[in-house]
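Quantities reported herein were computed from a predicted structural model and do not represent experimental measurements.
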Amino acid sequence: VTGAFKQVDRSININSYDGNVPGLAFSPDSKFVAFNHNEPTWITQVDLYEIATGKSVRVSNLNVNSQNPAFSSDGRFLLYVADSQLTAMGIDGTHKYAFDNMRRVYMVALSPDTPSPFLPKNDEEGAAEKPAAKPGAVSMDGLTDRVIEVPMASGRYQQVAQIGSKIFLINWSAIPAMDGTPSAELQAFDTDKKSLTTLAGSIDSFDISGDSKKLLLHRGNSFAVAEANGAPVAFSAVNLAPYAVTIDPGKEWHQIFEE
């Protein structure tokens with residue numbers, strides 16, 4: 001560790017001079033970083049960067065807005081959402097079209113030896129279950145050829161993550177109101193049963209614990225902890241009153257300026 005800064009990527013088309021392109025995820029072994037990248041065409045892409053070699057490759061379709069990458073907990077897949085469902089709706093008065101529920105979920109097999117989780121299973125009586133395969137070596141060649149569309153309905157998906165056979169999602173249940181506040185739900189898709197379940201309403205986002213056993217749910221300024229097992233969640237806010245954070249605004253400003 002040298003403490004030196006290194007530019008990994010640069011997006012020129014962003015919303016403002018001091019804007020940024022959100023969406024950054026480290027692989028479980030911390031050897032790779034996935035992130036959003038804005039193309040000169042203003043289309044957002046998902047790129048994968050190998051820290052040791054400094055090599056960066058595009059993962060998603062160059063013609064479709066793709067964003068918000070996340071690695072599966074076992075490091076075998078990279079997931080993201082993409083605006084690939086274009087079902088037009090007519091708008092009265094303007095004679096123009098709008099689109100809703102555009103986003104689908106995709107997963108990329110990081111190793112060419114990793115099969116799709118949606119291949120037919122052997123249901124013959126007496127067939128022995130094979131132990132879970134260990135993650136193969138990540139190959140950055142041919143990643144776009146290993147993109148798998150998750151067989152679920154399109155939606156307004158904002159965040160995606162996978163733990164075992166459960167894909168967790170934040171899905172806007174309605175188009176954001178005029179004040180910009182969306183109504184969002186926490187959902188889970190079971191890759192074995194191919195079923196989608198709503199776990200909780202009014203969830204802004206979530207984080208996963210280091211051991212992938214818990215979810216930290218965000219609702220406004222409140223937080224709750226839930227099991228990452230795909231079961232419905234009752235939001236019970238964590239009491240933050242006993243905790244305090246001391247800051248030095250002057251030192252904080254200098255750090256922000258330097259970074």
Side-chain angles (χ1 to χ4, degrees), residues 23 25 28 34 46 60 66-87 99-109 114-123 129 132-133 147-177 181-220 222-238:
V46 171
S60 53
S66 306
Q67 53 198 312
N68 302 344
F71 290 89
S72 62
S73 59
D74 59 10
R76 301 173 69 195
F77 294 97
L78 176 65
L79 294 88
Y80 63 91
V81 298
D83 298 339
S84 58
Q85 184 65 42
L86 302 180
T87 303
F99 299 92
D100 192 15
N101 292 311
M102 296 171 56
R103 288 189 174 171
R104 287 194 174 275
V105 180
Y106 294 87
M107 53 199 311
V108 185
T114 299
S116 167
F118 307 114
L119 293 176
K121 301 289 191 300
N122 186 354
D123 295 329
E129 291 189 8
V147 176
I148 304 164
E149 183 179 292
V150 177
M152 58 186 292
S154 60
R156 307 183 188 98
Y157 304 118
Q158 306 300 312
Q159 184 181 359
V160 61
Q162 184 182 13
I163 302 175
S165 63
K166 303 296 189 297
I167 296 177
F168 294 94
L169 310 121
I170 292 295
N171 187 17
W172 287 352
S173 54
I175 297 175
T181 304
S183 175
E185 297 177 335
L186 173 67
Q187 299 179 331
F189 180 79
D190 190 312
T191 59
D192 292 333
K193 299 177 181 179
K194 299 181 178 63
S195 60
L196 183 67
T197 303
T198 297
L199 307 183
S202 301
I203 304 297
D204 300 329
S205 61
F206 64 89
D207 288 298
I208 298 174
S209 63
D211 59 5
S212 300
K213 294 182 179 180
K214 305 282 186 180
L215 299 177
L216 178 65
L217 309 180
H218 308 163
R219 177 187 289 173
S222 299
F223 301 87
V225 178
E227 298 290 335
N229 55 10
V233 175
F235 192 95
S236 180
V238 176

One thing to verify: whether E227 and K213 come together as a salt bridge, which I'm taking to mean a side-chain N less than 4.0 angstrom from a carboxylate O. no
Minimum-distance pair of heavy atoms, taken over all atoms of A25 and F71: O-CE1, 3.4 Å
Donor-acceptor under 3.5 Å (N171 side chain, E185 main chain): no
Please walk me through it: do I203 and F235 pass side-chain contact (heavy atoms from CB on, under 4.5 Å)? CA-CA 9 Å; I203 304 297; F235 192 95; 3.7 Å; yes
Is it the case that the side chain of S72 and the backbone of Q162 share a donor-acceptor pair, with hydrogens and angles ignored and the cut-off at 3.5 Å? no
Heavy-atom closest pair, residues G230 and F168: N-CZ, 3.8 Å
Short question: side chain of S60, backbone of V46 - any donor-acceptor pair under 3.5 Å? yes
Closest non-hydrogen atoms of I163 and S212, given as atom of the first, atom of the second and distance, are CG2-O, 3.5 Å
Is the number of heavy atoms from other residues, nucleotides or ligands under 6.0 Å of K194 NZ greater than 12? yes
Donor-acceptor pair, distance only, cut-off 3.5 Å: does the side chain of S173 make one with the backbone of S183? yes
Would you say E149's side chain and V147's backbone share a donor-acceptor pair under 3.5 angstrom? no
Between R103 and D83 (salt bridge meaning N to carboxylate O under 4.0 Å), is one present in this structure? yes
Is there a side-chain contact (heavy atoms from CB on, under 4.5 Å) between T197 and Q187 once you walk through the steps? CA-CA 6 Å; T197 303; Q187 299 179 331; over 6 Å; no
Of all heavy-atom pairs between P117 and F77, which one has the smallest distance, and what is that distance? CD-CZ, 3.8 Å
Distance in Å, L186 CG paired with D204 CG, rounded so as to fall on 0.5 Å steps: 11.0 Å
Test item: T191 side-chain N/O and S165 main-chain N/O as donor-acceptor pair under 3.5 Å: yes
Write down the atom of S154, the atom of Q85, and the distance for their closest heavy-atom approach. OG-CG, 3.5 Å
Please report the shortest heavy-atom distance between N229 and A231, naming the atom on each side. OD1-N, 3.0 Å
Judged by atom type as modelled, is there a donor-acceptor pair below 3.5 Å linking the side chain of Q159 to the main-chain atoms of F206? yes
With ring centroids as reference points, do H218 and F223 lie under 6.0 angstrom apart? yes
Side chains of S66 and Y106 only: does a donor on one sit below 3.5 Å from an acceptor on the other? no
Check against side-chain contact (heavy atoms from CB on, under 4.5 Å), L215 and V225: CA-CA 6 Å; L215 299 177; V225 178; over 6 Å; no
Taking R104 for the side chain and M152 for the main chain, is one N or O donor matched with an acceptor at less than 3.5 Å? yes
Would you check if L169 and L196 make a side-chain contact, meaning some heavy-atom pair closer than 4.5 Å? yes
Donor-acceptor pair, R76 side chain versus A109 backbone, under 3.5 Å? no
So, does D190 use its side chain to make a donor-acceptor pair with the main chain of K166 at under 3.5 Å? no
